[in-house]
Amino acid sequence: MEKAERDSDDFSGIGRTAVAVLIVAAALRHPLRLLKGVCRRAARVVLAPVVYVAVRLWSLRKDRRPTFEDHLRRHED
């Protein structure tokens with residue numbers, strides 16, 4: 001029996017299964033990168049208000065400088 005001739009769709013001796021695996025891997029590689037970017041952007045959008053509130057509350061807890069009104073009240077007492 002003679003060996004069958006190579007098909008024109010043969011990729012340098014790589015079997016069809018290997019070609020299918022390579023195509024699936026290449027197809028999945030790009031959407032995963034896109035998904036990572038979308039997740040990062042969504043995390044920023046979700047965390048932005050939380051960070052804003054945290055910074056606002058932290059700044060309110062800070063010791064404040066005395067105002068002119070505080071100065072006047074101190075002399076009245």
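The shown structure was predicted, so the numbers you read here are calculated from the model rather than taken from an experiment. Worth knowing before you read on, the calculation uses all heavy atoms, side chains too, and leaves out hydrogens, waters and symmetry mates.
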Distance (rounded to the nearest 0.5 Å) between R40 CZ and R44 CZ: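 The distance works out to 7.5 Å.
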Intermediate values then yes/no, side-chain contact (heavy atoms from CB on, under 4.5 Å), K36 and C39: CA-CA 5 Å; K36 282 182 183 179; C39 289; 5.8 Å; no
Residues that, via side-chain heavy atoms closer than 4.5 angstrom, fall in one hydrophobic cluster with V51: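 When side chains under 4.5 Å apart are linked, the cluster holding V51 also contains V55.
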Identified side-chain contact (heavy atoms from CB on, under 4.5 Å) counterpart of V19 within the set I23, L22, V21: I23
